Amino acid sequence: MSWDISKIDKWTWKDHPPGAVIKDPGNSRQFKTGGWRTLRPIRDEEICNQCLICFMFCPDSAIKAEGEKITTFDLDFCKGCGICAEECPQNAIEMVDEAEVQDTVE
Ligand code: SF4
Ligand code: SF4
């Protein structure tokens, strides 16, 4: 979507298009934000001690767990913010260049 902003100096508040409007509650699943990612988290299973801290800190609930163990990253929603890697006390998560891994992982 794009807007004609050539006369934006003359806009009143009524002319501004609505932004960041959530019309339907719980609709975030419809918007796959993984496409924004430039860095991808890679977890080293040998180093990870399954403390689940990354799981709790991920702002996008993009770290999947089963039976109290991390299983994978949900790349449809992981934005590559790196919070999981920053918070991991074991340094078990490395953020790698998305373009470099796209052809080699998955
Ligand atoms: S990089 Fe950010 S969004 Fe992706 S799994 Fe880690 S904390 Fe979640
Ligand atoms: S924070 Fe690190 S050690 Fe803990 S579960 Fe996540 S990757 Fe594993």
Side-chain angles (χ1 to χ4, degrees):
M1 178 182 282
S2 61
W3 297 277
D4 178 5
I5 58 169
S6 56
K7 295 177 183 160
I8 196 168
D9 292 347
K10 307 218 177 341
W11 282 9
T12 68
W13 67 271
K14 291 180 186 170
D15 299 313
H16 286 266
V21 175
I22 299 174
K23 293 181 179 173
D24 307 308
N27 68 354
S28 60
R29 287 229 148 256
Q30 298 167 27
F31 302 99
K32 296 189 174 177
T33 50
W36 303 358
R37 193 178 53 250
T38 57
L39 294 173
R40 182 186 298 200
I42 303 283
R43 182 176 62 95
D44 187 327
E45 291 186 28
E46 300 292 318
I47 301 173
C48 171
N49 65 4
Q50 295 291 356
C51 69
L52 296 179
I53 287 177
C54 57
F55 176 84
M56 290 185 279
F57 270 90
C58 176
D60 293 299
S61 299
I63 299 177
K64 298 299 171 195
E66 274 180 37
E68 299 184 3
K69 290 193 171 182
I70 301 297
T71 55
T72 187
F73 296 98
D74 186 342
L75 296 178
D76 282 343
F77 296 98
C78 166
K79 298 193 193 90
C81 65
I83 290 174
C84 55
E86 191 68 29
E87 296 298 334
C88 174
Q90 298 291 112
N91 289 324
I93 299 175
E94 181 186 2
M95 302 301 293
V96 298
D97 191 292
E98 178 68 28
E100 285 178 19
V101 291
Q102 256 178 4
D103 296 333
T104 58
V105 182
E106 286 183 287

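Atoms within each ligand, like the ligands themselves, are counted from 1 in listed order. Note that the coordinates shown come from a computational prediction; the quantities given were computed from them, not determined experimentally.
Residue Arg43 comes nearest to Gln50 through the heavy atom pair NH1-NE2, 3.6 Å, listed as atom of the first residue, atom of the second, then distance. Across all their heavy atoms, Ala65 and Thr71 have their closest contact at N-OG1, 3.9 Å. Of all heavy-atom pairs spanning Phe77 and Thr33, the tightest one is O-OG1, 3.2 Å.
Residue contact check: Asp60 has heavy atoms under 4.0 Å from atoms 3 (S) of ligand 1. Residue Cys78 approaches ligand 1 through these ligand atoms, each under 4.0 Å from one of its heavy atoms: 1 (S), 3 (S), 4 (Fe), 5 (S). Using a 4.0 Å cut-off to heavy atoms of Gly80, the atoms of ligand 1 that qualify are 1 (S), 4 (Fe).
Note on Leu52 and Ile47: separate hydrophobic clusters, where clusters join Ile, Leu, Val, Met, Phe, Trp and Tyr whose side-chain heavy atoms are under 4.5 Å apart, directly or indirectly.
Partners of Asn49 by side chain to side chain contact (heavy atoms under 4.5 Å, CB included), not counting sequence neighbours, listed by chain and number: Cys51, Gln90. Residues passing the side chain to side chain contact (heavy atoms under 4.5 Å, CB included) test with Thr72, sequence neighbours excluded: Lys64.
Around atom 6 (Fe) of ligand 2, the protein atoms of type N, O or S that sit closer than 2.8 Å are Cys54 SG.
With hydrogens left out, the protein atom closest to atom 8 (Fe) of ligand 1 is Cys58 SG, 2.3 Å, a heavy atom. Nearest protein heavy-atom contact of atom 3 (S) of ligand 2 is Asn49 OD1, 3.3 Å. Taking atom 2 (Fe) of ligand 1 as the reference point, the nearest protein heavy-atom neighbour is Cys81 SG, 2.3 Å.
Applying the salt bridge (Lys or Arg N to Asp or Glu O under 4.0 Å) test to residues at least two apart or on different chains, the pairs with a partner in residues 78-91 are Asp60-Lys79.
Counting heavy atoms from C-beta outward, Arg37 and Leu75 have side chains that approach closer than 4.5 Å. Under the 4.5 Å side-chain criterion, counting only non-hydrogen atoms from C-beta, Glu94 is not in contact with Asp44.
With a heavy-atom cut-off of 4.0 Å, Phe77 does not touch ligand 1 at all.
Atom CD1 of Ile70 sits about 4.0 Å away from atom SG of Cys54, to the nearest 0.5 Å.
Pro59 counts as a contact of ligand 1, since one of its heavy atoms falls under 4.0 Å from the ligand.
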